[in-house]
Amino acid sequence: KQELLRRMVATHEADPTRAELFHRELADHQQGYLRALASAMHQAETTSLKEDAALKVIGSVNVRLRDAGLVVTPPSAAAVLDTLVAAHVLVRDGGPVYAFQHQQVQEWFASLDLEDELRAAAGTLNLQHPLVSGKLDDYFWGEAFLFACERMSDADDGGVQAVAELIHLLLKIDPLFAASLINRSAPAVWDRVSAAVSAFAYAWHKPGVPDRAAGFMVATGRPEFGDVVWALVSNADQHVQSESLRLVRRFSPAVIAEP
């Protein structure tokens, strides 16, 4: 999903007419504005912003751009919103209210700022960290975390390490979400967390029982747990079979493939 949305946005912005408009009207800072709007919506746990709130967000971005010396005279907040509605993924409904064309587009843009936060927190992430209490513990940010970690895990060693640290932390507070991150991350992350994750899963699981630990194993998508999962889904007891196949919303055959 991450790569699909990245390509969609890149293709959209590469259109010569749009590219010229973004350069002329927004000094090529269109993604900065969209990131800020998406993060503000996520922070408010909503998929839209009223005009006054949206104008305030854009105004804050303009101040940052000016203070950083990236623009001399930023465009008005209203003009920015008009341009993003006319030529990008923002839509305006009656009210007026601003939203993204699809919630996953909002989640993807919010994940870009979130990635910066995760990288900055690398090496210091713990249960008391503001990122944990403010966002990781909030279901509304779930998909944004998945997007950010999928992208980071495939980018560089720093990204891989940041995702690995997040997974280790999640084993303590939300192991099923940790499993989702493992599933969406590049193999390099598994290389760093496999020992701890495997020890955690086998200590949690009761052999022969389709318990939450088995659900965790399935959700990782890792074939290393194939023997355990196969023993459950091929069990002679049909009740065990059916319960095992219902451990997760979408059962991936990858977990019972050869590792």
Side-chain angles (χ1 to χ4, degrees), residues 1-7 9-10 31-32 34-36 38-39 42-43 64 68 104 106-205 213 215-226 248 252 254-255 257 259:
K1 285 196 252 186
Q2 139 63 25
E3 182 61 16
L4 177 65
L5 283 165
R6 186 197 67 78
R7 290 188 181 188
V9 172
Q31 286 206 14
L34 291 167
R35 288 169 63 157
S39 294
H42 261 60
Q43 203 67 50
R64 292 201 301 270
Q104 288 218 317
Q106 173 186 326
E107 290 164 338
W108 186 81
F109 274 106
S111 78
L112 298 174
D113 275 354
L114 181 60
E115 177 180 344
D116 291 345
E117 293 185 69
L118 286 167
R119 287 181 177 276
T124 66
L125 207 58
N126 56 48
L127 294 176
Q128 287 73 45
H129 195 285
L131 187 57
V132 175
S133 58
K135 293 178 181 175
L136 189 59
D137 197 35
D138 186 343
Y139 77 96
F140 203 86
W141 284 89
E143 192 64 28
F145 271 100
L146 291 171
F147 276 134
C149 290
E150 183 179 353
R151 185 169 54 249
M152 292 164 65
S153 71
D154 204 30
D156 51 44
D157 188 72
V160 171
Q161 183 59 29
V163 177
E165 290 177 12
L166 182 60
I167 289 170
H168 281 122
L169 180 66
L170 280 166
L171 289 178
K172 302 174 183 176
I173 58 176
D174 191 347
L176 293 181
F177 190 46
S180 295
L181 287 185
I182 292 167
N183 197 310
R184 289 274 289 268
S185 296
V189 170
W190 179 248
D191 293 340
R192 299 199 186 184
V193 303
S194 58
V197 170
S198 296
F200 172 85
Y202 286 117
W204 188 15
H205 177 58
F216 169 85
M217 294 178 183
V218 174
T220 67
R222 296 302 312 179
E224 288 81 358
F225 296 122
V248 293
S252 172
V255 75

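Because only heavy atoms are used, hydrogens play no part in the values below, and waters and symmetry mates are left out as well, while side chains stay in.
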Shortest non-hydrogen contact between [X] and [Y], atoms and distance:
X: G142; Y: F177; result: O-CZ, 3.6 Å
X: L136; Y: I173; result: CD2-CD1, 4.1 Å
X: L118; Y: A148; result: CD1-CB, 4.1 Å
X: L176; Y: G215; result: CD2-C, 4.4 Å
X: A178; Y: I167; result: CB-O, 4.1 Å
X: S111; Y: A144; result: CB-O, 3.2 Å

Are [X] and [Y] packed together at the side-chain level, in the sense that at least one heavy-atom pair is separated by less than 4.5 angstrom?
X: M152; Y: L166; value: no
X: D174; Y: D137; value: no
X: F200; Y: K172; value: no
X: I182; Y: W190; value: yes
X: L169; Y: H129; value: no

Go through the steps to decide whether V197 and L171 satisfy the test side-chain contact (heavy atoms from CB on, under 4.5 Å), and finish with yes or no. CA-CA 8 Å; V197 170; L171 289 178; 4.2 Å; yes
Could you state the interatomic distance from [atom1] ([X]) to [atom2] ([Y]), rounded to the nearest 0.5 Å?
X: L114; Y: E107; atom1: CG; atom2: CD; value: 11.5 Å
X: N183; Y: R222; atom1: CG; atom2: CZ; value: 9.0 Å
X: E143; Y: Q2; atom1: CD; atom2: CD; value: 10.5 Å

Please confirm whether the backbone N or O of [Y] pairs with a side-chain atom of [X], one donor and one acceptor, at under 3.5 Å?
X: T124; Y: A121; result: yes
X: S153; Y: E150; result: yes
X: R151; Y: E115; result: no

How far apart are the C-alpha atoms of K135 and D113, what are their side-chain angles, what is the distance that settles it, and do they pass the salt bridge (charged side-chain N to carboxylate O under 4.0 Å, His left out) test? CA-CA 12 Å; K135 293 178 181 175; D113 275 354; over 6 Å; no
Could you tell me whether R119 and D156 have a side-chain N and a carboxylate O separated by less than 4.0 Å?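 Here R119 pairs with D156 in a salt bridge, since their nearest N and O are under 4.0 Å apart.
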Using a strict 4.0 Å threshold on nitrogen-to-oxygen distance, state whether R192 and E165 make a salt bridge.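 Salt bridge absent between R192 and E165.
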Picking from Y139, W108, F145, W141, what satisfies ring-ring contact (aromatic ring centres under 6.0 Å, His included) with H42?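 Only one of Y139, W108, F145, W141 forms a ring-ring contact (aromatic ring centres under 6.0 Å, His included) with H42, namely W141.
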R6 NZ/CZ over F147 ring centroid, <6.0 Å and within 45° of normal: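 Cation-pi check for R6 and F147: fails.
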Working note: R35 + D116, criterion side-chain contact (heavy atoms from CB on, under 4.5 Å); need CA distance, chi angles, decisive distance, verdict. CA-CA 11 Å; R35 288 169 63 157; D116 291 345; 2.6 Å; yes
